[in-house]
Amino acid sequence: MQAVPTGVGPRRLLGRIRDVMAGEGTAQAKLDEVVQIIAAGMVAEVCSVYILRAGEVLELFATKGLRRRAVHQTRLRVGEGLVGEIAAHAKPLALADAQSHPAFAYRPETGEDPYHSLMGVPILRSGRVAGVLVVQNKTERGYSDEEIEAMEITAMVLAELVASGDLVNPNERAPAEGNALLPIRLDGVALNGGLAMGQAVIHRPDIAIRHVVAEDPEVELKRLSDALDAVHTDLDRLFASGQLADAGEHRDVLDAYRMVAADAGWSSRIRDAIDSGLTAEAAVQQVRENIRMRMSQISDPYLRERLDDMEDVSLRLLQRLIGVVKGDADRELPPDVVVVARSMGPAELLDYDPGRLKALIMERGSTTAHVSIVARALDIPVIGQVKDVFTKVDAGDTVIVDAENRQVFVRPVEDVQQSFIDSMRLRAERRQAYSQLRDEPAVTRDGAEVRLNINAGLELDVPQVHTTGADGIGLFRTEIPFMVRAAYPDVDAQTALYSAVLDQAKGKPVVFRTLDVGGDKDLPYFESEVGENPALGWRAIRIALDRPAMLRQQVRALVRAAKGRPLAVMFPMIAEVAEFDQAREVLNMELAREKAARRKLPKTLAVGAMVEVPSLLWQLPTLAERVDFLSVGSNDLLQFLFASDRGNPRIADRYDPLSPPALKVLREVVRTADKAGVPLSLCGEMASRPLEAMALIGLGYRSLSLSATSIGPVKAMVNSLRYRPLEAYLKTILDGPDHSLRDRLKAFAQDHGVLI
Ligand code: PEP
Ligand code: MG
């Protein structure tokens, strides 16, 4: 391989390109000149620019070195040949021996046979590939990282030329009109419940950068540092504002986010880009585009969220640098805003006027995404993982967000809007009525008392135990606080957290479930394996027993947090009695240790197990003798029972919890628990739905744990029900061949005046 010839530094190269850009002539003429300059600057025999056109085709737009007649004639599909490869992966490629690369595609019309080496970079615009810039050399030449970076920076300038619209009409790649105005329905995942209607506001419209090449890097570095300071001040002010309560996980989230803004690696990359000749805004943009591209290839949810935060901070910086203080908030916003975003950092949501912000729709997003946590604090519905939302929703469209049913109605017809307005009004009225039930007990008309607890996972959720009038917290999912943290909380941090939960519960009982991680609930700092079947993989109690230190630390923290107060702990995913015994042993050891250290022990201790793995059903009588309580995790139990992934929307409605097999299994659990005299509860999602909760009461359940928003509706149902006739009715239908008993149960409710 030959020694690398060094061309001009990127700064001089950019300077020359800038002169061409600023001069007279058509965009095509400028592009023709620019490829000459780049070829000379990079000491390459060939420099070519391919631009992406409609139909995902890369067309050769200008070249120095290949045959002129190939210009506007040679076209490659994305993914075809090396150029197509660069576009498909949106990543640079540098090859000393290009022709031996498996993706090499020879095009005779270009005359490129004598060229051995090739280096190309994507031309990126708004996180999307707009073209490819390539250099080629006759000799087998290696390209240095600096040279690749110089090409990436040059590609940014070309991106501006492409964006000018003089080379390719910007409308060419816009989606075809026609069905654009039809009403449509989109599905997603509910990240926070609720209903709302409003006008779509597209989050983060493109920011145009006019000045790419800098006169004086010193001036740009100063601009950058001023802008960074201003962004820090903005964030401090935002987080200090009264929209959020003081404590809780959203604080942690926001602190983690602030750390991104202070990240030294990130800002030094921006400084390097300024050193190579870019203006501060172009440097931020270059690093941002780079991050966005990498982000699209990262599947790790935690890392993606970090990168989302970084994207948010970059945007703030850009807005500062080009003189727009708050791009989105400055726009004329409709009175009811439904924000449509690819993804979002938590602070961005707070930029919207809370009085207008009605809902959020995201192309990505997960329940533990930081923005979802902040959305919960703001009490707005959020739907995530809505595919193609950007191509299907236009700014200003009327949008209905129905997070209760995981769907979005875009441009709904008048009738749909009206019925939706009606149901929102009804919902508000019902909420009002439920709040009046708050201090009443949940008792059936024929005298059965039903305990209604809430499920919680964040400190933020705990006060709802009081606002809803629930009896306690029937399931505190301890993994949620772990998932939103950047580092593993040590015993002291965990003690503080559990203690805060107990403090806020003010004496109402709380059942802490030990960590249910693994599978799809990944901890950012914990190396777990995601097998082909994560739900059936190394998760929950399996990890706890294989790595007992984690469980020991957690129960130690729970014991310390309880000191002098009652403590209830339950273990998830128990598949056999031996697992419960082992976990219990760990707890006993920790208790003994605390006792030996003369620390104050919990006032009482209740240890239970989740019933959510079918194998346990056949050992349930044995288990019942050893536990203080049981709690059915119907989400998992039913997914395993029906072999039906609970997270797959395609099969979400395939099997019904109100079917004979499901209800008979649930009845069997009640019978066993009753026989052993063990308190039993059910904490899966079905307990949150009044009709399902009614069936559970008919089967004999007297304690349910549900989402806080469902306490009102479920209590109204309980207080209007007579359980005895229902019990008798269920006996007559449970052995039938039905796919579902839903309709029959609905009819029962209607006939008996049960509020469902
Ligand atoms: C369940 O499986 O029903 C349950 C309550 O636990 P999770 O949803 O956290 O798995
Ligand atoms: Mg479960």
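In this chain, numbering begins with 1 at the start of the sequence shown. When a ligand or atom number is given, it counts from 1 through the structure's own listing order. Computed from a predicted structure; not experimentally measured.
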Please could you name the atoms of ligand 1 that [X] approaches to less than 4.0 Å, counting only its heavy atoms?
| X | result |
| --- | --- |
| M610 | 4 (C), 5 (C), 6 (O) |
| G684 | 3 (O) |
| G633 | 1 (C), 2 (O), 3 (O) |
| R513 | 4 (C), 6 (O), 7 (P), 9 (O) |
| D516 | 10 (O) |
| C683 | 5 (C) |

Can you tell which part of [X] has a heavy atom less than 4.0 Å from ligand 1: side chain, backbone, both or neither?
| X | value |
| --- | --- |
| M686 | neither |
| V632 | neither |
| E685 | neither |
| L475 | side chain |

Query - Heteroatom distance test (S634, ligand 1): nitrogen or oxygen, under 3.5 angstrom - result: yes
Query raised in the report: Are any of the N or O atoms of E479 closer than 3.5 Å to those of ligand 1?
Result: no
Query raised in the report: Aromatic rings F571 and F580: how do their planes relate, parallel, tilted or perpendicular, breaks at 30° and 60°?
Result: perpendicular
Report task. Assign the ring pair F482 / Y488 to parallel, tilted or perpendicular, where the plane angle (0 to 90°) is split at 30° and 60°. Result -> perpendicular
Distance-only donor-acceptor hits, side chain of residues 658-675, under 3.5 Å, sequence neighbours excluded:
residue : atom : partner : partner atom : Å
S659    : OG   : D656    : O            : 2.7
K664    : NZ   : D735    : OD1          : 2.7
T672    : OG1  : E668    : O            : 2.9

Query raised in the report: More than 12 heavy atoms of other residues, nucleotides or ligands under 6.0 Å from NZ of K563: is that the case?
Result: no
Query raised in the report: Crowded around E449 CD? As in, over 12 foreign heavy atoms under 6.0 Å?
Result: no
Report task. Show your reasoning for whether side-chain contact (heavy atoms from CB on, under 4.5 Å) applies to V754 and M717. Result -> CA-CA 6 Å; V754 184; M717 179 280 293; 3.8 Å; yes
Query - Presence of N, O or S from E612 under 2.8 Å of the Mg ion (ligand 2) - result: yes
Query - Intermediate values then yes/no, side-chain contact (heavy atoms from CB on, under 4.5 Å), S707 and N455 - result: CA-CA 5 Å; S707 65; N455 292 342; 5.8 Å; no
Requested in this report: Please name the pair of heavy atoms, one in D402 and one in I383, separated by the smallest distance, quoted to 0.1 Å.
Outcome: O-CD1, 3.7 Å
Requested in this report: Output all residues satisfying salt bridge (Lys or Arg N to Asp or Glu O under 4.0 Å) with R724, sequence neighbours left out; order by chain, then residue number.
Outcome: none
Report task. Could you tell me which N, O or S atom of D636 is nearest to the Mg ion (ligand 2)? Result -> OD2
Query - Any side-chain heavy-atom pair of R451 and P509 under 4.5 Å - result: yes
Query raised in the report: Hey, looking at atom 10 (O) of ligand 1, which of R539, Q639, E612, R646 has the closest heavy atom?
Result: R646
